[in-house]
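For reference, the structure discussed in these notes is given below.
In this text, all values refer to a predicted model and were calculated from it rather than measured experimentally. Quick note: numbers below take in every heavy atom, side chains included, and nothing from hydrogens, waters or symmetry partners.
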Amino acid sequence: MEDPGEGDQSGEESPTYGYFSDEDSSDCEDSGDGTVGRTGSGESLNGPHPAAISSEGCGTETREAVSQPPTVLHWVRMSALRIHDNPALQQALLDTQRRLRCVFIIDPWFIRGRIGENRCRFLLESLHDLDKKLRAYCSRLYVVQGQPIAAMEQLIRQWNVQQLTFQQDMEPYSQRLEESVAKVAKISGVEVSVSYLSAFPFTAHTLYHPAAMLAANGNKPILTQKAFRELVPKLGAPTKPIAVPDPDSEVFSTKLYSEEDPDVGLYRIPTMSEMGFEDCSLYTNVWVGGETEALRRLPLYCQLRSQNTDNTVDMLFDKSALSPYVRFGCLSVRYFLWKTRAISSSNPAVESVVRQLTQKLLNREFYFVVASQVPNYDITENNPICLQLPWETDTSLLPLWREGKTGYPWIDAAMRQLRKEGWIHYYLRESVAAFLTSGDLWISWVAGKDTFEELLLDYEPTVSCGLWMKSSCSTFLHGPIPYYCPITFGQKIDPKGQYIRTFCPELRNMPSEYIFSPWLAPPHVQKAANCIIGADYPNPMIDHTTAGALCCERIRSILKSLHSLMPNLPQGLPVSTTPGSPSS
């Protein structure tokens, strides 16, 4: 549900668009390789880590540090798989006195059962691209598998590490991991450098650091969109991205490793089969990972979104979104914004793209700010901002939703596209989320969040949890509650059912008047379409009319009970939405 390229389309104008003056982007030059403006990681996406997993099989053999040259170890985080606008990496690259080792740590606990084929493929492609780019700087990417703290402690000991650098992640769990790794490094006498351009730990994964936003707000809580929107204009324009180091510089003229180095054959990027996915190859999905691909797509992103079109169907098939690249750090959000502004300065048609992008990125920022203040943000228990709704304990219908076999074609097509490609449009995310939670099945949003963690390329724990809580009416309630009917909402966007025919091919011959509710088609129509409902395509798993009314009554009852204690909560039933105004 998170998608900074197609974000929370609430219809609210970004309150901060006006503070970007023309002068702010006038010096935003671009060389085509990610340079704008002035000249990982042990990745577990959420939750506490179990017992340490020993590192093995990826070059972690113990070696006496005395035989190793002084080393700067740059810990590559999953939110920073790039060269451009990566100040922590740049600091490490420009250290001419010591050997550089860039390390990405794959945590087996994170991989096993937590991410799907598409996410794993995108990650490995991004690692290969980063390795190729690092070689232009006479370096390379070293990949280690193991529990991050144990692996880092071992590398520090065997490589004679004197300094550790890394780009700070914005996820609360990742920050706790970084703090633990930093403590281990300092105990070993290693200098830890997280930032060097900011009073706050430097990051290019968000436009503003959450700590900076809280400080600007007098350390008062920022838990509502209203408080957030009022604060942002006071912060000024986001910092511009830093320039990419010139690989032809004399600084990089000396190779920092040789083919004779026994480490060269170790620490390699694993294959898909080694990651547990059989019969899978890289570069076979419509979404190809890596910084190179992200920078190639950016002009196309601006071009397509600057075209005035009323064809809402095309957006369902969009393959130009950049949210997966933002999530994996292949594209800096600061570069994304400022490069788009630079393009708009020579092409006024792109100005609307800048406005929309600013709004979407700021919606994303909001959830990072909230998560930095709220304990247990990613679960329901002991989460102070999440309503403890009485969710259905029988989750036997959950697998049918996950596999796209609900009997509701709009929902099934979305879940099948998600499983096949790893990305779906924001309207579809909201539709499947509402259907699972407060719209029909009344199953906890946590089950939906876990599914997105496995399948969705641009899954970010903080943003996803916030949007799932919002869609399930668990928090962030303001104004009338949107309601996404699994039948009529899709009809308004795609009346001929082109999207359904693509991802539910068994329905491709069904007449348009029945494509969204094929169970209503007479037997002779089903036979002519070569699709018998109940045999070739499932009957509806529930009666939407009954289940939807029950869910609406539950929400109304809960809100009515709470309204006396919290007068700002909305009253009444959720309201139907229309395309283009999902938060009406």
Side-chain angles (χ1 to χ4, degrees), residues 1-28 30 36-37 85 170 203-210 212-213 216-217 222 224-241 294 297-308 315 318 320-327 329 331-370 425-426 458 460 462-463 466-467 580-583:
M1 284 160 39
E2 59 278 22
D3 180 0
E6 305 295 336
D8 185 356
Q9 302 178 24
S10 62
E12 297 175 349
E13 278 298 307
S14 166
T16 60
Y17 178 71
Y19 69 66
F20 293 124
S21 65
D22 292 338
E23 289 76 10
D24 287 329
S25 59
S26 60
D27 62 344
C28 193
D30 177 63
V36 172
D85 196 27
M170 286 294 97
T203 178
H205 196 56
T206 53
L207 297 176
Y208 304 97
H209 196 287
M213 299 194 74
N217 200 45
I222 307 172
T224 65
Q225 282 281 359
K226 182 177 183 294
F228 179 78
R229 290 196 302 268
E230 290 174 350
L231 173 65
V232 171
K234 303 175 184 178
L235 298 173
T239 306
K240 291 183 180 179
R297 284 171 172 252
L298 183 50
L300 178 63
Y301 173 92
C302 296
Q303 175 187 344
L304 293 178
R305 281 157 180 76
S306 63
Q307 298 171 353
N308 293 323
M315 64 187 182
D318 181 38
S320 65
L322 293 172
S323 52
Y325 300 93
V326 170
R327 186 274 167 267
L331 179 64
S332 156
V333 289
R334 301 187 312 164
Y335 178 83
F336 191 2
L337 177 63
W338 285 107
K339 175 59 177 174
T340 306
R341 283 193 55 78
I343 294 175
S344 70
S345 64
S346 59
N347 183 0
V350 181
E351 184 175 340
S352 62
V353 180
V354 177
R355 186 180 300 107
Q356 294 166 9
L357 175 62
T358 302
Q359 176 183 325
K360 294 167 186 175
L361 290 178
L362 288 175
N363 284 334
R364 175 178 177 267
E365 299 273 314
F366 169 72
Y367 294 110
F368 279 109
V369 173
V370 173
H425 188 270
Y426 177 76
D458 59 25
E460 296 184 285
T462 287
V463 183
L467 289 170
S581 181
S583 296

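- A heavy-atom distance below 4.5 Å is not found between the side chains of Glu230 and Asn217.
- Interatomic distance, CG of Leu300 versus SG of Cys302, reported as 9.0 Å (0.5 Å rounding).
- Interatomic distance, Leu207 CG to Met213 CE, rounded to the nearest 0.5 Å: 9.0 Å.
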Quick one, Glu460 with Phe368, criterion side chain to side chain contact (heavy atoms under 4.5 Å, CB included). Give me CA distance, side-chain angles, the key distance, then yes/no. CA-CA 10 Å; Glu460 296 184 285; Phe368 279 109; 3.8 Å; yes
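- Here CD of Gln307 is found 11.0 Å from OG of Ser352. Values are rounded to the nearest 0.5 Å.
- Looking only at side-chain heavy atoms (C-beta outward), Gln359 and Leu362 stay at 4.5 Å or farther from each other.
- When every heavy atom of Asp458 is checked against every heavy atom of Ser323, the shortest pair comes out as OD2-OG, 2.7 Å.
- Counting only heavy atoms from C-beta outward, the side chains of Asp318 and His425 never approach each other to under 4.5 Å.
- From Phe366, atom CZ reaches atom OG1 of Thr224 across 6.5 Å, with rounding to the nearest 0.5 Å.
- Side-chain contact between Leu331 and Arg297: absent, with no pair of heavy atoms (C-beta onward) separated by less than 4.5 Å.
- By the side chain to side chain donor-acceptor pair (under 3.5 Å) test, Thr340 is found to be paired with no residue, residues two or more places apart in sequence or in another chain being considered.
- No option in Leu357, Val354, Val353 other than Val353 meets the side chain to side chain contact (heavy atoms under 4.5 Å, CB included) test with Arg305.
- We find the OG-CD distance between Ser345 and Glu351 to be 10.5 Å, quoted to the nearest 0.5 Å.
- Using a 4.5 Å heavy-atom cutoff, the side chains of Arg229 and Val232 are not in contact.
- Judged by distance alone, the side chains of Arg341 and Thr358 never bring a donor and an acceptor atom under 3.5 Å apart.
- Side-chain atoms of Val463 and Met170, non-hydrogen and from C-beta on, never get closer than 4.5 Å to each other.
- Closest heavy-atom contact between Leu322 and Ala294: CD2-O, 4.0 Å.
- Using a 4.5 Å heavy-atom threshold, the side chains of Phe228 and Glu365 count as touching.
- In this structure, NZ in Lys339 is found 14.5 Å from OH in Tyr301, a value given to the nearest 0.5 Å.
- Taking each heavy atom of Ala349 and Ser306 in turn, the nearest pair found is O-CB, 3.4 Å.
- Nearest approach of Pro299 to Ile343, heavy atoms of both residues: CA-CD1, 4.5 Å.
- Of all the heavy atoms in Tyr335 and Pro241, the pair that sits closest is CA-CG, 3.8 Å.
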